[in-house]
Amino acid sequence: MPTVRFQLRRDTAANWAGVNPTLGPGEPALETDTLLVKYGDGATDWNSLPYSAVNLPAILEAIAGATPIADGPHTVGTNTITTVSGIITAIT
């Protein structure tokens with residue numbers, strides 16, 4: 001079976017904002033300093049795109065703060081992390 005390598009476009013928040021590219025439809029891009037992701041729609045520039053609903057820093061903070069993650073809702077910053085059997089099932 002052949003190996004496939006997938007690599008995200010990535011840069012700092014300041015560099016993304018300065019270049020302000022338009023990402024292709026569905027194209028993900030990562031801010032390396034904030035760990036936030038945006039997905040392109042093929043028409044909207046970077047500065048106008050919303051961040052993905054998945055907040056990786058909040059997930060990492062939740063994982064680091066509880067070993068294992070106890071069941072139930074957890075508040076991390078402004079996010080609510082819901083877990084069942086130690087597995088993250090929702091982030092709101």
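Pro50 and Lys38 make their closest contact through O-CG, 3.5 Å (heavy atoms, listed as atom of the first residue, atom of the second, distance). Minimum heavy-atom separation, Gly40 to Leu49: CA-CD1, 4.1 Å. Of all heavy-atom pairs between Tyr39 and Gly26, the closest is CD2-O, 3.9 Å. Annotation for Trp46 and Ala29: closest pair CZ3-CB, 3.6 Å, computed over non-hydrogen atoms. What you find for Pro28 and Val37 is that their closest heavy atoms are CB-CG1, 4.4 Å.
Asn15 contributes atom CG, which lies 12.5 Å from atom CG of Asn20 (distance to the nearest 0.5 angstrom). With rounding to the nearest 0.5 Å, the separation of CG in Leu8 from OG1 in Thr32 is 11.5 Å.
Between the side chain of Asp33 and the backbone N or O of Ala13 there is at least one donor-acceptor pair closer than 3.5 Å.
Trp16 places a side-chain heavy atom less than 4.5 Å from the side chain of Glu31.
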